[in-house]
Amino acid sequence: MTDWEVQYWVQDEEVKDISYSDYWTDEENEKQKPFYVLDDNFSKAEEYLKSTGLARDFKNCLQVLKNNFGKNLEGVGMDLAAGNLWAVPLILDSGNIDKLYCLEYSRHRLLKIGPRFLEHYNVPKDKIVLVRGNFYELRLPDHSLDFLILVQAFHHSHQPEKLLAEMKRVLKPDGIILVIGEHAVYLWKGYLKYALKY
């Protein structure tokens, strides 16, 4: 299916038990999304990234990381819930990356759409490992990763404590976690609506 390095940490029957799997594994539904590039139309994806500011936010996070903490992305990392791998070129361009694991449980996103992104943006094959897996069970040794990235992914966790514990387990003590693309929750707005109602 693909000539990229692939590791299988989950099988089809295990994916069915993962939250939201029906939505993310539906290939027909995927055709309606902006990241569907099997028609070779990358302009939809690029416009979506521009309109949402995800690429800009990622670069801003890297700047804060450098300015405030004196760190850059480097070494071995993982893009958790990597989707169709649109973020991989940005991640590789951001620092001295030796290897990037791209973890996703949707077969068509990881093995069909994702490789099209990687090829389109000339991502080197020797830096990437495609992993069909579940972000609650990272099959890597303790303290083996220098960084972890979640883009529009953390809010899909129905067990955030379990996810954070697993991330802590595989991350080196001085490792980096970047979480971007999450919905802002303003509690004061909820309290204000409540107060106005009464």
Side-chain angles (χ1 to χ4, degrees), residues 1-31 33-38 45 54 58 61 73 75-92 97-118 123 125 127-173 175-183:
M1 190 178 279
T2 180
D3 57 350
W4 295 79
E5 181 182 345
V6 180
Q7 294 181 9
Y8 293 90
W9 296 355
V10 294
Q11 300 304 318
D12 287 339
E13 58 275 4
E14 295 171 280
V15 169
K16 292 176 186 171
D17 296 331
I18 300 174
S19 294
Y20 308 107
S21 67
D22 289 345
Y23 177 76
W24 296 114
T25 59
D26 183 343
E27 281 193 69
E28 281 303 309
N29 187 34
E30 199 75 39
K31 292 176 182 177
K33 298 176 187 174
F35 289 118
Y36 184 80
V37 294
L38 295 182
L54 285 170
F58 178 74
C61 284
L73 287 188
V76 179
M78 181 178 285
D79 184 2
L80 292 164
N84 42 50
L85 313 183
W86 68 265
V88 171
L90 286 175
I91 296 167
L92 290 185
I97 311 301
D98 297 323
K99 183 182 284 190
L100 181 66
Y101 291 90
C102 303
L103 182 129
E104 174 60 45
Y105 65 70
S106 171
R107 179 183 294 274
H108 70 272
R109 291 178 136 221
L110 183 70
L111 301 177
K112 291 182 182 177
I113 297 172
R116 193 67 69 91
F117 266 97
L118 301 181
V123 171
K125 286 187 167 76
K127 301 249 184 198
I128 302 299
V129 179
L130 305 180
V131 179
R132 188 162 189 233
N134 177 349
F135 59 23
Y136 298 116
E137 297 174 30
L138 305 177
R139 298 188 182 171
L140 292 173
D142 293 355
H143 313 300
S144 58
L145 296 179
D146 297 293
F147 64 90
L148 291 162
I149 297 174
L150 291 106
V151 180
Q152 290 187 316
F154 188 77
H155 65 275
H156 291 295
S157 172
H158 66 285
Q159 295 178 297
E161 298 88 359
K162 184 176 180 178
L163 172 58
L164 290 170
E166 185 66 350
M167 292 168 66
K168 181 179 179 183
R169 182 188 69 75
V170 299
L171 198 63
K172 292 179 180 177
I176 297 166
I177 296 176
L178 291 181
V179 178
I180 68 168
E182 293 301 318
H183 306 289

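As the structure is a prediction and not an experimental result, all values here were calculated from the model.
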Heavy-atom donor-acceptor pair, Arg132 side chain to Leu111 backbone, under 3.5 Å
no
Test Phe58 against Ile91 for side-chain contact (heavy atoms from CB on, under 4.5 Å), laying out the working first.
CA-CA 9 Å; Phe58 178 74; Ile91 296 167; 3.9 Å; yes
Which heavy atom of Val37 sits nearest to which heavy atom of Ala45, and what is that distance?
CG1-CB, 4.5 Å
Atom pair CZ (Phe135) and CD (Glu104), whose distance is rounded to the nearest 0.5 Å
9.5 Å
Please answer whether the main-chain N or O of Ile97 pairs with a side-chain N or O of Lys127 as donor and acceptor at a distance below 3.5 Å.
yes
Roughly how far apart are Tyr8 OH and Arg107 CZ, rounded to 0.5 Å?
5.5 Å
From CG (Leu140) to CH2 (Trp9), nearest 0.5 Å:
3.5 Å
Counting C-beta onward and ignoring hydrogens, is there a side-chain heavy-atom pair between Leu90 and Leu54 closer than 4.5 Å?
no
Could you tell me whether a side-chain N or O of Asp146 sits under 3.5 Å from a main-chain N or O of Val76, the two making a donor and an acceptor?
yes
Below 4.5 Å, heavy atoms only, C-beta onward: do Leu163 and Leu150 meet side chain to side chain?
yes
Heavy-atom side-chain contact between Leu85 and Leu130 under 4.5 Å:
yes
Go through the steps for Ile113 and Trp86 under the test side-chain contact (heavy atoms from CB on, under 4.5 Å), then give the verdict.
CA-CA 9 Å; Ile113 297 172; Trp86 68 265; over 6 Å; no
Contact between Asp3 and Lys125 at the side-chain level, heavy atoms closer than 4.5 Å - yes or no?
yes
State whether the side chain of Glu166 and the backbone N or O of Leu138 hold a donor-acceptor pair below 3.5 Å, judged by distance alone.
yes
Roughly how far apart are Leu164 CG and Leu171 CG, rounded to 0.5 Å?
11.5 Å
Looking at every heavy atom in both Val10 and Gly133, which two are closest together, and how far apart are they?
CG2-CA, 3.8 Å
How long is the span from the CH2 atom in Trp4 to the CG atom in Leu118, to the nearest 0.5 Å?
4.5 Å
What closest approach, in Å, do Leu110 and Cys102 show between heavy atoms, and which atom pair accounts for it?
CD1-O, 3.5 Å
Rounded distance (nearest 0.5 Å) linking atom CD1 of Ile177 with atom CE of Met167
3.5 Å
Neighbour count above 12 (heavy atom, 6.0 Å) for Lys168 NZ
no
